[in-house]
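What follows is a short report on a single structure.
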Amino acid sequence: MKAEAKAQGGYQALKESADKQIDAYDTQITELDASIATTDGIIEDDKNSKTDVEGEHTATTEYIESIKPNCEWIKGASD
């Protein structure tokens with residue numbers, strides 16, 4: 001009886017310790033999921049920013065190409 005009571009007490013202590021560790025892991029997983037969501041948002045913002053900059057670059061390049069004939073004429077007409 002004494003041995004079983006001692007073993008039962010050891011089991012209970014081990015189970016409590018394991019339950020606390022599981023709770024700590026669950027908390028850590030929740031925090032990591034939040035961190036991943038935040039990072040994904042930052043990455044998405046950067047992708048949108050890149051798209052905006054690429055659009056501006058394309059528009060600027062097209063504008064420069066559209067005024068090129070006038071610039072060539074001015075360059076040819078002056079020394």
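The first residue in the sequence is number 1, and the count goes up from there.
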| request: Take atom CD of Glu4 as the centre, draw a 6.0 Å sphere, and report whether it contains more than 12 heavy atoms from other residues, nucleotides or ligands. | output: no

| message | How long is the straight-line distance from CD of Glu16 back to CD of Gln12, given to the nearest 0.5 Å? | response | 6.5 Å

| said: For Lys15, give me all partners under salt bridge (Lys or Arg N to Asp or Glu O under 4.0 Å), at least two apart in sequence or on another chain. | reply: Asp19

| What's the spacing between Glu56 CD and Thr61 OG1 if we round to 0.5 Å? | 11.5 Å

| message | Among Thr38, Asp40, Thr39, which residue satisfies the side-chain contact (heavy atoms from CB on, under 4.5 Å) criterion with Ile36? | response | Asp40

| said: Which residues end up grouped with Ile67 if you chain together Ile, Leu, Val, Met, Phe, Trp and Tyr wherever their side-chain heavy atoms are less than 4.5 Å apart? | reply: Tyr63

